[in-house]
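Notes for the one structure printed next.
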Amino acid sequence: MASRDLSWISVSLLVSVASFSCIAARSTRAPKVADPTDGFTALNLGQDNFELQRPYDEASGARYSFDGTVRKMWVLSSDKPHARQSHTMPRTEIRITGHDYSSGMWQFEGYGYVPSGTSGVCIMQVFGAGEAGAASTLMLHVYDGALRYYDRQLVEDNIYNRWFKLNVVHDVDGSVLTVYIDGQEKLHVRGRGGHSHYFKFGVYAQHHDSNRMESHWKNVTIFKKN
């Protein structure tokens, strides 16, 4: 009788240990990553929607390459602006055309890659603003491996030499922008007004720019809220 009791206790202990192990395994799993595009519809993008802006005295192949999947853009701090009459800093950017917007909820999605050494540069922006002296309602800058909102608060650290998924949601009517990195919300800020907006990505020199600035992009998609 005592032997049967001990056996029953042993079995119970084994079941308890197994149950605890399962619970512990579930608790250590990474949290489910949200999909910021839920409720949005992807818009059709053809090659004509990707308008390249580069130093005006350089051929496109001197600052840009596209192998059918990855778009690579680079610029030098000594380069000319994108237009002869412009007084802006050097850039090699793609401006999304055909999908300018002034109301509703819109979203940029793309996978970005920034090589180490690239610094003092904007890699993505939502163009258009209503505030005096402002041209954009959001810019994402890279400084020494950190992705920042303009040159201010940190969005993501250790951005160099890795692919990251970037989602930028712009609620025009609510004047709010939300930035996600790899599905996790990293920034939620007020907009800066404006009556017309569009998305840009690439490299656009800012203050304290490195001699060479470069970013790579793939799977760029534009979404609109249903």
Side-chain angles (χ1 to χ4, degrees), residues 36-46 48-56 71 73 75 81-110 112 120-143 146-156 165-181 185-207 209 213 215 217 220-226:
T37 66
D38 283 349
F40 286 76
T41 299
L43 305 179
N44 291 325
L45 291 179
D48 291 343
N49 297 114
F50 294 82
E51 178 186 288
L52 180 66
Q53 298 178 347
R54 64 185 190 278
Y56 70 79
R71 302 175 191 272
M73 287 162 276
V75 75
H82 71 292
R84 190 178 297 274
Q85 68 275 15
S86 174
H87 299 289
T88 58
M89 299 287 280
R91 73 181 80 194
T92 304
E93 284 187 304
I94 285 179
R95 180 238 204 265
I96 298 295
T97 65
H99 295 295
D100 294 13
Y101 60 94
S102 57
S103 62
M105 290 185 68
W106 293 71
Q107 182 170 176
F108 171 95
E109 179 180 271
V121 65
C122 171
I123 63 167
M124 188 272 169
Q125 62 173 305
V126 179
F127 192 83
E131 293 182 4
S136 62
T137 200
L138 178 134
M139 274 189 168
L140 296 176
H141 292 186
V142 173
Y143 295 98
L147 186 67
R148 295 186 176 276
Y149 170 65
Y150 292 92
D151 57 356
R152 304 164 209 169
Q153 65 209 73
L154 180 68
V155 177
E156 179 77 351
K165 183 181 179 183
L166 172 66
N167 291 79
V168 177
V169 179
H170 187 189
D171 179 354
V172 184
D173 302 328
S175 192
V176 173
L177 296 106
T178 308
V179 176
Y180 299 83
I181 301 292
E185 183 178 323
K186 296 289 185 172
L187 181 73
H188 190 73
V189 292
R190 298 293 300 172
R192 305 173 80 187
H195 300 293
S196 181
H197 303 279
Y198 52 83
F199 298 112
K200 302 183 78 176
F201 62 97
V203 278
Y204 177 24
Q206 304 297 309
H207 298 299
D209 49 327
M213 294 149 277
S215 71
W217 294 87
V220 170
T221 309
I222 304 303
F223 296 85
K224 185 179 180 182
K225 187 77 171 182
N226 296 337

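Everything numeric here is computed off the predicted structure, so don't read it as measured data. One-based numbering along the sequence shown.
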Pair Q125, E93 - check side-chain contact (heavy atoms from CB on, under 4.5 Å), show working. CA-CA 10 Å; Q125 62 173 305; E93 284 187 304; 2.9 Å; yes
Check whether NZ of the Lys or CZ of the Arg R148 lies under 6.0 Å from the centre of the six-membered ring of Y143 and within 45 degrees of that ring's axis. no
Ignoring hydrogens and geometry, is there a side-chain-to-backbone donor-acceptor pair from [X] to [Y] under 3.5 Å?
| X | Y | value |
| --- | --- | --- |
| Y180 | L166 | no |
| S196 | S102 | no |
| Q107 | P36 | yes |
| H188 | T178 | no |
| T137 | R192 | yes |
| H197 | G128 | yes |
| D171 | M105 | no |
| H99 | N44 | yes |

Close side-chain approach of [X] to [Y], heavy-atom, < 4.5 Å:
| X | Y | answer |
| --- | --- | --- |
| Y198 | I96 | no |
| R190 | V176 | yes |
| V126 | F199 | yes |
| V142 | V203 | no |
| D100 | R95 | yes |
| Q206 | D151 | no |
| Y204 | Q53 | no |
| I94 | W217 | no |

Using 0.5 Å steps for rounding, measure from the CG atom of N49 to the CG atom of L43. 9.5 Å
Which distance, rounded to the nearest 0.5 Å, do you find between the CD1 of I123 and the CE of M213? 13.0 Å
Minimum heavy-atom distance [X]-[Y], with the two atoms named:
| X | Y | result |
| --- | --- | --- |
| M139 | C122 | CG-SG, 3.8 Å |
| G193 | S175 | N-OG, 4.4 Å |
| S86 | P81 | O-CG, 3.4 Å |
| P55 | R91 | CD-O, 3.2 Å |
| A129 | S136 | CB-O, 3.4 Å |
| G191 | L177 | CA-CD1, 3.5 Å |

More than 12 foreign heavy atoms under 6.0 Å from CG of N226: is that the case here? yes
Flag yes if more than 12 heavy atoms outside R84 fall under 6.0 Å of its CZ atom; otherwise flag no. no
V189 and Q153: side-chain contact (heavy atoms from CB on, under 4.5 Å), yes or no, with the steps? CA-CA 11 Å; V189 292; Q153 65 209 73; 4.2 Å; yes
Any idea how F201 and F108 line up, ring-wise: parallel (<30°), tilted (30 to 60°), or perpendicular (>60°)? tilted
Could you tell me how the ring of H170 sits relative to the ring of Y101: parallel (under 30°), tilted (30 to 60°) or perpendicular (over 60°)? perpendicular
Apply side-chain contact (heavy atoms from CB on, under 4.5 Å) to the pair D209 and V75, showing each step before the final yes or no. CA-CA 10 Å; D209 49 327; V75 75; over 6 Å; no
Begin with the C-alpha distance, continue with both residues' side-chain angles, and end with the deciding distance and a verdict on side-chain contact (heavy atoms from CB on, under 4.5 Å) for V155 and K186. CA-CA 6 Å; V155 177; K186 296 289 185 172; 3.8 Å; yes
